[in-house]
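All remarks here apply to the structure that follows.
Count residues from 1 along the sequence. For the numbers below, each heavy atom of this structure counts, side chains included, while hydrogens, waters and symmetry mates do not.
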Amino acid sequence: MTEIPRGTVQQTFYEQVGGEPTFRRLVHRFYEGVAEDPLLRPMYPEEDLGPAEERLALFLMQYWGGPRTYSERRGHPRLRMRHVPFVVDRAAHDAWLKHMRVALDELELAPEHAEQLWNYLTYAAGSLINTPD
């Protein structure tokens, strides 16, 4: 086990991957895919995907150790509850992950960071399925 020298501040994942600009690029690229997706796009009733993009960016930044802006604006994430109005089945799950995979790959993160983020995203996507096939 590697010891962290006393007085050394360990960076959060958020900081390690480049902070806000990295998460904003990830989410922006993701929503570019969603905008063209016939299965996912109807799940976003707003004409402009900008508000959804902002919410996801703020959530992911907070989750990974960045500013707590998401909770300050929206309260507890309650991801499952917030997705109840939408049919999230295996097809939606797969489409969501397809666009997120493209966005993540384009970030060109260090392999260990990409893997850690992908593991979370696949877990989160799976936990939001609310409709059996």
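- Side-chain contact between Glu32 and Glu36 is absent, with no heavy atoms from C-beta onward closer than 4.5 Å.
- Checking Gln62 against Ser71 by side-chain atom types alone, a donor-acceptor pair falls below 3.5 Å.
- The neighbour count for Glu108 CD, taken as heavy atoms of other residues, nucleotides or ligands under 6.0 Å away, does not exceed 12.
- The heavy-atom pair separating Leu97 from Leu121 by the smallest distance is CD2-O, 3.8 Å.
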key: Criterion salt bridge (Lys or Arg N to Asp or Glu O under 4.0 Å) on Glu106 and Arg101, from CA distance to verdict   = CA-CA 9 Å; Glu106 288 183 11; Arg101 182 79 251 179; over 6 Å; no

ask   = Under the side chain to side chain contact (heavy atoms under 4.5 Å, CB included) criterion, do Leu109 and Leu117 qualify, and how do the steps go?
value = CA-CA 10 Å; Leu109 298 176; Leu117 184 51; 4.2 Å; yes

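- Closest of all the heavy-atom pairs between Asp37 and Leu39 is OD1-N, 2.8 Å.
- Leu104 contributes atom CG, which lies 7.0 Å from atom CH2 of Trp118 (distance to the nearest 0.5 angstrom).
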task = Might you work through the side chain to side chain contact (heavy atoms under 4.5 Å, CB included) test for Arg73 and Thr69, ending with a clear yes or no?
result = CA-CA 6 Å; Arg73 290 185 186 171; Thr69 310; 3.4 Å; yes

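- Interatomic distance, Leu56 CG to Leu26 CG, rounded to the nearest 0.5 Å: 7.5 Å.
- The side-chain heavy atoms of Val102 and Arg29, taken from C-beta on, include a pair separated by under 4.5 Å.
- For the pair Met61 and Phe23, the tightest heavy-atom approach, listed with the atom from each and the gap, is CG-CB, 3.6 Å.
- Taking the charged nitrogens against the carboxylate oxygens, Arg24 and Glu54 do have a contact shorter than 4.0 Å, which makes a salt bridge.
- Proximity of the aromatic rings of Tyr120 and Tyr63 is defined here by a centroid distance below 6.0 angstrom, and this criterion is met.
- No donor-acceptor pair closer than 3.5 Å links the side chain of Gln16 to the backbone N or O of His113.
- Judged by distance alone, the side chain of Asn130 and the main-chain N or O of Val88 form a donor-acceptor pair under 3.5 Å.
- Between the side chain of Glu15 and the main chain of Thr12, a donor-acceptor pair closer than 3.5 Å is present.
- Between His93 and Thr122, the closest heavy-atom pair is NE2-O, 4.4 Å.
- Note on ring orientation: taking the six-membered ring where Trp is involved, the planes of Tyr44 and Tyr31 are perpendicular (angle over 60°, cut-offs 30° and 60°).
- When all heavy atoms are compared, the tightest approach of Met43 to Ala92 is CE-CB, 3.6 Å.
- Taking the six-membered ring where the residue is Trp, the centroids of Phe13 and Trp64 are separated by under 6.0 Å.
- Checking side-chain atoms of Tyr14 against main-chain N and O of Glu20 turns up a donor-acceptor pair under 3.5 Å.
- Here the side chain of Thr22 pairs a donor or acceptor atom with the backbone of Val17 at under 3.5 angstrom.
- Across Gly18 and Pro21, no two heavy atoms sit closer than the pair O-CD, 3.3 Å.
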